[in-house]
2 protein chains.
Amino acid sequence: MTASRAVNNQPGVSDEKRAEILRIADDLGYVANRAAQRLSGGRSHVIGVIAQLHTLFTSELVLGIGSAGRAANYEMLVYSLSDADNRPPGPILDLLSQIVDGVIVILPFQSDYLASLSNAKLPIVTIDEGNDAPFPKIMTDNYQGARLAIEHLAALGHRRIGFIAGNEGLASARDRARAFHDMRAQLGLDADPELVVHGNFMQQGGFLAAQRLMRLAEPPTAIFAANDMSAVGAMAAIRESKRSVPQDISLIGFDDVSVANHVHPALTTIRQPLTQMSRAAVNTLLAMISGIAPPAERILLSPELVARESTAAPPLEKLSQKPGRKGMTR
Amino acid sequence: MTASRAVNNQPGVSDEKRAEILRIADDLGYVANRAAQRLSGGRSHVIGVIAQLHTLFTSELVLGIGSAGRAANYEMLVYSLSDADNRPPGPILDLLSQIVDGVIVILPFQSDYLASLSNAKLPIVTIDEGNDAPFPKIMTDNYQGARLAIEHLAALGHRRIGFIAGNEGLASARDRARAFHDMRAQLGLDADPELVVHGNFMQQGGFLAAQRLMRLAEPPTAIFAANDMSAVGAMAAIRESKRSVPQDISLIGFDDVSVANHVHPALTTIRQPLTQMSRAAVNTLLAMISGIAPPAERILLSPELVARESTAAPPLEKLSQKPGRKGMTR
DNA sequence: ATGAAAGCGCTAACAA
DNA sequence: TTGTTAGCGCTTTCAT
């Protein structure tokens, strides 16, 4: 009836009638039934998010998507993937598609998720990965970010830089590793293979990794951790080895998750533009929902160096191996 | 038609017909439309969760609810409250009620949330607060937990114990504070009011609070932080003051969030039985959905002391002020 | 044991 | 500009 048009701001209703209808609707405390809207082929004005809520980075991203959505008058519902969840995403998408107009997928650690996503009949945008998937992908330029990190350390005078790698299943981790190796070669830094250790993007992995670096015959003077949580773990291991950050060892992370700024010393890191990412994801998705072709197959956002307290010049006695300086005590 | 009965395991279908229907359904890749189920007055087998995803504790609880739900063949959808969200919960519940069979609310920092929740026409269970709300509440015995913490410290020999309080708007924080004061009096511990400092359940608040404690003319030999995140912040402040945990200062937290075990030294803490809590919440909710009256208006779960590395006996020279011992150097 | 009819709240396509 | 009709996928209730 006319009421539907009025409530949905659609043309073809006289101003008086519209005002009257809205008044009555308000009096009645009318709330649109989104499920019914969707069932009858319309739009529910709800977007779905599929995410693994295990990391701070993901939670913050979800929060950002929520705000961005709300700003566009869209509600958000989250489907939380459990860590051990190996079920195919098909049924989940089926469930969501009954309610939401489109889905933003923050890719989980387990890859191969994309394959089954591809034949969904719902607008989808992915965040943080999915190189060869048939829908738009929002990501930070991880390669460029890692370059910034190494350049920062090199500019401070570090030549022997350790690297705590991330989860190899993730493209983001691979890009950061690639940049590390490239920059190391390019800048002529110490290429000792022992300086590269495995991590898993989590605190504990960072701790173990840094422990190994600290036990090296000649430990690095700086460490680049592939994400902030690893860096926080690394910080504990460095302290445990009776060294201090940044006096003895400089430490830089990646993400700029909120803890980075609350840890002590505050962590120097590469900021992923979370707000921009969530906004870009929402905008792209809404465009697709409106039938507009996605603006770009891949949106690459620029990371940024946030210099805080955990990086400094290396200790003087290690500054260089130039003859004549070696052995200086201070 | 008969198909509905067959799919829903309802009586009144011959075994052959049922088998045939299920086979065909499977062939067709049939997936029930939950929205339609709900629209027509049935059950969607989806539960909703309203939560603020800002703290690790909340995220872990949500994950737990998801598993518990899945175990009972229920899916879960999360509505994420943004931190600055002051909108009344009414519309959110309206939205959710179109999709889910019941809602678990993890109460956000802003209180007064309950009032508007009360006239919902949907089964609701709250976690962690809501003393005088008209629905079941699941919570840990915070008072008892805080008692365990103080008793642990006292048993190690501490007499001068600092307390980093939590967000006063939360009943859980108030209960823990109350227990601290009661136990202090009961055990005859040092009652210096300067030993109690404000916190906000977050890392940064804990850091600031511990800083104040460390600057006291006579700092405490042990600190009880009202939650783990505060404790992690406090640990940084203690270190910054050139003291070490637990040699100089013992530290105990509350929650047993996953980082507690990954921090170094690993944090002694009071464990909230997260799995039990989420299971209890889900079970209670499912019972209500089935029309069974909730088993209890309030389910109180028992916390548990998890002794790790951050607590120890106080330094010998501070052990007591008994004449004749004072001034001992070791 | 099976099926037919009606309706949940909406929107699309059409008629007036 | 307004209203009517049909149908989205289900679960009732009431026949058969």
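Worth knowing before you read on, the calculation uses all heavy atoms, side chains too, and leaves out hydrogens, waters and symmetry mates. Proteins get letters first, then strands, A, B, ... in listed order; numbering begins at 1 in each.
- Contact check, Asn8(B) against dT11(D): a side-chain N or O comes under 4.0 Å of OP1 or OP2.
- Comparing dC8(D), dG9(D), dA13(C) by their closest approach to the side chain of Arg5(A) singles out dA13(C).
- Close to dG3(C), at under 4.0 Å from its OP1 or OP2, lies a side-chain N or O of Thr2(B).
- If you check every strand for non-hydrogen atoms under 4.0 Å, Val7(B) touches nothing.
- Across every non-hydrogen atom of Glu168(B) and Arg174(B), the tightest pair is O-NH1, 3.0 Å.
- Between the CD atom of Gln98(B) and the C1' atom of dC10(D) there is a distance of 16 Å, rounded to whole Å.
- The distance from atom CG of Asp175(A) to atom CE of Met139(A), rounded to the nearest 0.5 Å, is 6.0 Å.
- Atom CG of Leu300(B) and atom OG1 of Thr140(B) lie 8.0 Å apart (nearest 0.5 Å).
- The neighbour count for Asp15(A) CG, taken as heavy atoms of other residues, nucleotides or ligands under 6.0 Å away, does not exceed 12.
- Atom CG of Asp94(A) is separated from atom P of dG9(D) by 13 Å (rounded to the nearest Å).
- Here Arg38(B) lies out of heavy-atom contact (under 4.0 Å) with every strand.
- An OP1 or OP2 oxygen of dT2(D) is reached within less than 4.0 angstrom by a side-chain nitrogen or oxygen of Ser14(A).
- Put simply, Ser4(B) has a side-chain N or O that comes within less than 4.0 Å of OP1 or OP2 on dT11(D).
- At whole-Å resolution of the value, NE2 in His45(A) and P in dG9(C) are 20 Å apart.
- Distance Gln37(B) CD to dG9(D) P: 13 Å, rounded to the nearest Å.
- The distance from atom CG of Leu39(A) to atom C1' of dG7(D) is 9 Å, rounded to the nearest whole Å.
- Across all strands, Ala35(A) comes closer than 4.0 Å to no nucleic acid atom at all (heavy-atom distances).
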